[in-house]
Number of protein chains: 2
Amino acid sequence: MSGQYRDYPKHLIRKLPRYYRYLNEQKQFGKEYISSNELASLMGISPSQVRQDFNRFLYNGYHGVGYNVSAILEQITELLDLKTKKNTIIIGAGNLGQSLSNYDELKNCGFEIKAFFDINPRLAGAVINGIKVCDMEWLEEYIKAENIVAAILALPTEGTSEIARKISEYGVTMFLNFNPVFFEFERDVFIENVHIDDNLMMLSYKGAHKGAGERDDEE
Amino acid sequence: MSGQYRDYPKHLIRKLPRYYRYLNEQKQFGKEYISSNELASLMGISPSQVRQDFNRFLYNGYHGVGYNVSAILEQITELLDLKTKKNTIIIGAGNLGQSLSNYDELKNCGFEIKAFFDINPRLAGAVINGIKVCDMEWLEEYIKAENIVAAILALPTEGTSEIARKISEYGVTMFLNFNPVFFEFERDVFIENVHIDDNLMMLSYKGAHKGAGERDDEE
DNA sequence: TAGATTGTTAATCGATTAACAATC
DNA sequence: TAGATTGTTAATCGATTAACAATC
């Protein structure tokens, strides 16, 4: 948002959520300043790496003291645009959709759930976790009227890609997708796929190779 | 499983699930052989990279023809140990737990859900998606008797780390965790954390920087 | 054989580490 | 000031790309 961004290497951006998590944890513990050494050893990376990364685009280090935890968190928040409110709908009011609707991180990242939509017309009118369920029929109208910019795709695989396309035409540009589906859009539409299958495969691998792996740096 | 593994760089292992997804998709389409060029362009990486990776540890390329899709998939399956059956329980029979219980990839990766466990004793005895819900009281006995090796932590954040520790003492070595919790174990215990918050943050970033990013290579 | 595509070596690029002078 | 830790440059390491000879 504010001002122009230098173009940060995608590579560094990808690391930000991890930094965010650890710094946030430290903040909860009441830590105000943290040294590259401390943070690095918590995260299982090298102090050099922390300093390089922070220096490249986060500027709150103090010689002899460390980095200001809150200030860095602020900067990451700004960079990832987490403060901007993003009106969001969940497509699919089943178990997955419901469990996501009270997932705290949504709010922390600025995604505000405005409504469920479900193919089952009988659900229309219901209220789940304080969020109303709407009939698919109202998708277009609702998206436009309520300025919906993001959608969480929590419906069965089959319908997913068709509905995503439709929704994107109504103006939604951000998608969080839980289905193993491949789509591509021409315009400025962004998809994040949650690949639980990747996690499962890695877990299977790790389990089969006990002892083989040293420390894992993916926390 | 079979034979001894060379120690594959973690780096390459991490890429396998992605290769798996794309190759599997091609297999569904009936594709028998695929060239490094085709696969690379599907995945948004370079043909060189595909050849390097495959050559390092997957050996089913044919000069002038391409790679045998099924054979490569087999090898990845073997490497990640996806065929080995892993008796699994889900802790938490709420929305998340329920939605996971019929997640197809579980079976594909060898994780077989044997039971739910829930802190709410009133759920004990219920059957969800054909899987019974047990009282926490039976955890130890059940894990030992049924040779449970994996657990999916789908309960509220608070209880997670305590229960994980307990379960690991009963012999479970693989954890799929959905909560933003940090743990460490001394022994050969492996955790995969599903970081939906990372996905949300990246989505927020992408949405805020339209046009800035070229092609994204994380599908 | 001609055409295609791999396997593999060498060259490039980028990220991580090491080291230390600058500074609070 | 002495101690600590950053900021930053240079050295290392590793991954990606380019190129082409080997081969089906």
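Naming: A, B, ... by sequence-line order, numbering from 1 per chain. All values below come from the heavy atoms of this structure, side chains included, with hydrogens, waters and symmetry mates left out.
Taking the side-chain contact (heavy atoms from CB on, under 4.5 Å) definition, one finds that B/Ala150 meets it with B/Thr88, B/Phe111, B/Met174, sequence neighbours left out. B/Ser35 meets the side-chain contact (heavy atoms from CB on, under 4.5 Å) test with B/Asn37, B/Glu38; sequence neighbours excluded. Here A/Gln49 pairs with A/Lys15, A/Ile45, A/Ser46, A/Asp53 under the side-chain contact (heavy atoms from CB on, under 4.5 Å) rule; sequence neighbours left out. Residues passing the side-chain contact (heavy atoms from CB on, under 4.5 Å) test with A/Glu112 are A/Lys85, A/Lys114, sequence neighbours excluded.
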Exercise. Which dot-bracket string describes DNA chain C (Watson-Crick N1-N3 plus N6-O4 or O6-N4, or G-U N1-O2 and O6-N3, all under 3.5 Å; [ ] crossing; | other strand)?
Worked result: ..||||||||||||||||||||||

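Heavy-atom distances under 4.0 Å link DNA chain D to A/His63, A/Gly64, A/Val65, A/Gly66, A/Tyr67 of residues 63-76 of chain A, given in residue order. At a non-hydrogen distance threshold of 4.0 Å, nothing from residues 33-40 of chain A comes into contact with DNA chain C.
Atom pair A/Asn55:CG and D/dT5:P shows a separation of 16 Å (rounding to whole Å applied). Between the CZ atom of B/Arg14 and the C1' atom of D/dG14 there is a distance of 16 Å, rounded to whole Å.
Listed pair B/Arg51 / C/dT6 meets the phosphate criterion, a side-chain N or O lying under 4.0 Å from OP1 or OP2.
Distance alone, capped at 3.5 Å, is enough to place a donor-acceptor pair between the A/Asp118 side chain and the A/Ala93 backbone. Panel note: side chain B/Lys83, backbone B/Thr77; no donor-acceptor pair is recorded below 3.5 Å.
Residues in residues 80-103 of chain A take part in no ring-ring contact (aromatic ring centres under 6.0 Å, His included) pair, two or more places apart or across chains. Here ring-ring contact (aromatic ring centres under 6.0 Å, His included) pairs that include residues 27-51 of chain B, with residues two or more places apart or in two chains, are B/Tyr33-B/Tyr62. Counting only residues at least two apart or on different chains, the side-chain hydrogen bond (donor to acceptor under 3.5 Å, both in side chains) pairs with a member in residues 159-179 of chain B are B/Thr157-B/Asn179, B/Thr160-B/Asn179, B/Asn177-B/Asn193.
Ion pairing between A/Glu140 and A/Lys144 holds under the 4.0 Å rule for side-chain N and carboxylate O.
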Under 3.5 Å, side-chain donor or acceptor atoms of residues 66-74 of chain B against the rest of the protein: list the pairs with distances, not counting sequence neighbours.
| from | atom 1 | to | atom 2 | distance (Å) |
| --- | --- | --- | --- | --- |
| B/Asn68 | OD1 | B/Ser70 | N | 3.1 |
| B/Asn68 | OD1 | B/Ala71 | N | 2.9 |

For nucleotides 15-17 of chain D, give me every protein contact, N/O to N/O, under 3.5 Å, one pair per line with atom names.
| from | atom 1 | to | atom 2 | distance (Å) |
| --- | --- | --- | --- | --- |
| D/dT16 | OP2 | B/Lys15 | NZ | 3.2 |
| D/dT17 | OP2 | B/Ser46 | OG | 2.6 |
| D/dT17 | OP2 | B/Gln49 | NE2 | 3.1 |
| D/dT17 | O4 | B/Gln52 | NE2 | 2.5 |

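Between B/Leu79 and A/His209, the closest heavy-atom pair is O-NE2, 3.4 Å.
Atoms CD and OG, from B/Glu192 and A/Ser204 in turn, are 10.5 Å apart once rounded to the nearest 0.5 Å.
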